[in-house]
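Each remark here refers to the structure printed beneath this line.
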Amino acid sequence: MTKDAHIHVHHITRVEGHGDITLDIQNGKIQNLTWEVVEAPRFFEALVRGRNYNDLRPITSRICGICSIGHSLASLKATEDALDVKITEQTQLLRRLAINAENMQSHILHIGYLAAPDLLGLGSVIPLAGSKHHDTLIKIVTLHKFSNQMSDLICGRTTHPIRLVVGGFTMLPTKKELETLKANLQKMLPLSKDITGILQSLQDRIPDFERETEYIGLTNDREYALYDGTMASTDTGPYPEYKNYQGLMKEFVVPQSTAKYAKHARDSYFVGALARFNLNSTQLHPQAQETAEYFDLHAPCYNPFMNTYAQMVEYVHNIEDSIQLCDHLLNRGIKDEKPVQPTIKAGRGVGIVEVPRGILVHDYTLDKKGNCTKANCIIPTNQNHANIQMDMEALVPTILHKSEKDIELALEMLVRAYDPCISCSTHYLTVRFV
């Protein structure tokens with residue numbers, strides 16, 4: 001047993017942003033254990049005040065370089081809600097393709113480059129290039145490259161998209177481009193199955209740890225909810241009052257974090273791929289359901305380390321769903337639609353989507369000139385911080401018999417399993433001078 005130890009992980013690696021882990025053990029007892037977010041706040045809500053409604057999407061997409069498509073879609077939904085803009089079916093189908101593309105590129109990045117080294121006992125992805133896993137790395141790179149290309153096709157570019165605007169798209173994919181996309185999606189399914197097999201062979205390296213918690217995300221009777229749906233909790237069920245989202249997502253401040261924490265029915269909750277799986281697993285497409293069975297992943301799953309495996313299930317689902325969306329678009333024909341033009345008026349709008357790391361909210365109030373007077377964004381990772389802290393508190397007592405090095409690795413793996421986007425979570429703090 002580790003009787004005395006001081007672990008301080010300064011800026012945990014293989015995550016986005018800066019977060020620290022501190023653990024002090026004396027005489028076999030935990031004296032201090034904290035997950036510390038040390039990023040400087042980024043004042044995006046203040047940046048958009050006074051800006052025209054057309055500026056909100058380009059600015060807020062910069063909240064995240066990984067989830068910029070998701071931020072764009074949440075921003076557009078909020079703006080369109082405020083201005084009573086009704087998008088066409090074609091625009092909605094293309095936006096669903098866009099959110100699938102982002103989910104795919106982010107998930108495979110995390111699975112292959114950030115989480116896989118832990119499962120293989122490596123410090124980074126670089127050693128894979130010169131190891132027996134070289135072919136695996138090539139497959140991961142191929143899947144990642146394709147997912148980025150799909151994002152580029154639908155959105156103009158992967159990071160900070162340029163085709164997504166209020167009311168529609170500035171440029172549409174052609175019939176030939178969608179046919180090529182569908183064919184390439186079909187080619188990616190065998191590669192994704194190969195990665196599934198490799199992940200399953202490494203599954204025994206996932207810590208045997210569970211902590212029951214609350215899971216929150218979107219649900220939809222018609223589909224596995226990513227672009228549209230009703231907010232829901234595994235504890236309390238559906239929460240249809242989307243404009244009163246703060247009744248579900250109760251943010252609060254803690255001393256060790258520059259990002260807000262959140263809770264609802266319990267002291268913490270989980271958002272992200274595992275939360276979506278626990279809420280919506282019956283809505284997965286067939287091969288994604290087979291992938292979940294292959295991992296022996298069943299809802300509800302309370303092991304946070306399995307979030308990475310839930311991401312792989314979603315990756316397969318996103319491919320299947322995108323093939324269906326391509327078929328739908330091709331069967332109905334691509335129409336040369338111009339973006340729906342809004343009638344400028346005062347109003348408040350809320351946009352909610354699922355991004356790779358969980359449920360995302362944008363909330364804007366516009367004046368009669370269409371300028372933003374108030375904004376609020378609730379980021380997935382800041383919703384997960386409290387759950388990470390509570391998982392740590394439950395995990396460490398079960399691994400005190402291990403070496404200090406192994407305890408440190410387990411804590412790092414736990415944080416990485418959440419795939420946190422720490423910079424994005426430090427988006428706003430209310431400061432009062434007294």
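Just so it is clear, the model here is predicted, and its values are computed rather than measured.
- Judged purely by distance below 3.5 Å, without hydrogens or angles, the side chains of Asn376 and Asp363 never pair a donor atom with an acceptor atom.
- Two rings, from His285 and Tyr224, have their centers 6.0 Å or more apart.
- Here the side chains of Thr79 and Val85 are not in contact, with every heavy-atom distance at 4.5 Å or above.
- Side-chain contact check for Glu179 versus Thr174: every heavy-atom pair is 4.5 Å or farther apart.
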### Message
Walk me through whether Asp406 and Lys402 qualify under salt bridge (charged side-chain N to carboxylate O under 4.0 Å, His left out).
### Response
CA-CA 6 Å; Asp406 287 341; Lys402 296 190 175 184; over 6 Å; no

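- Residues Gln90 and Leu172 form a side-chain contact, since some pair of their non-hydrogen atoms from C-beta on lies under 4.5 Å apart.
- Using a 30° and 60° split on the angle between ring planes, Trp35 and His385 fall in the tilted class, from 30° to 60°.
- Aromatic ring orientation, Phe270 versus Tyr215: tilted (interplanar angle from 30° to 60°).
- A heavy-atom distance below 4.5 Å is not found between the side chains of Ile21 and His10.
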### Task
Apply side chain to side chain donor-acceptor pair (under 3.5 Å) to the pair Thr219 and Asn280, showing each step before the final yes or no.
CA-CA 6 Å; Thr219 61; Asn280 303 306; 5.0 Å; no

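- Side chains of Arg211 and Asn387: a donor on one and an acceptor on the other come within 3.5 Å.
- Closest approach of Arg14 to Tyr113, counting heavy atoms only: CD-O, 3.8 Å.
- Cation-pi geometry between Lys263 and Phe252 is met: under 6.0 angstrom from the ring centre, within 45 degrees of the axis.
- In this structure, Lys77 forms a cation-pi arrangement with Tyr227, its terminal cationic atom sitting closer than 6.0 Å to the ring centre and no more than 45° off the ring axis.
- For the residue pair Ala273 and Gln311, the shortest heavy atom distance occurs at CB-CG, 3.7 Å.
- For the 3.5 Å distance criterion, the side chains of Glu214 and Thr234 fail to qualify, holding no donor opposite an acceptor.
- Side-chain contact of Thr88 with Thr91: a donor-acceptor pair under 3.5 Å is present, judged by distance alone.
- Arg95 has its side chain out of reach of Val353: every pair of non-hydrogen atoms, C-beta onward, lies at least 4.5 Å apart.
- Judged by distance alone, the side chains of Tyr242 and Thr230 never bring a donor and an acceptor atom under 3.5 Å apart.
- Side-chain atoms of Tyr302 and Asn278 include no donor-acceptor pair closer than 3.5 Å.
- Side-chain contact check for Arg276 versus Asn103: some heavy-atom pair is nearer than 4.5 Å.
- Inspection of the Asp20 and Gln256 side chains reveals no N or O donor paired with an N or O acceptor under 3.5 Å.
- Counting heavy atoms from C-beta on, the side chains of Val361 and Ile379 never come closer than 4.5 Å.
- The two residues Asn384 and Arg357 come nearest to each other via the heavy atoms ND2-O, 4.0 Å.
- Two residues are said to be in side-chain contact when any heavy atoms from C-beta on lie closer than 4.5 Å; Ile388 and Val415 meet this criterion.
- The aromatic rings of His6 and His8 sit parallel to each other, their planes meeting at less than 30°, with 60° as the upper class boundary.
- No side-chain donor-acceptor contact under 3.5 Å links Tyr315 and Thr196.
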### Task
Could you please spell out the steps behind the side chain to side chain contact (heavy atoms under 4.5 Å, CB included) verdict for His71 and Leu360?
CA-CA 8 Å; His71 277 285; Leu360 168 68; 3.5 Å; yes

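- Between the side chains of Glu393 and Gln389, at least one donor N or O sits under 3.5 Å from an acceptor N or O.
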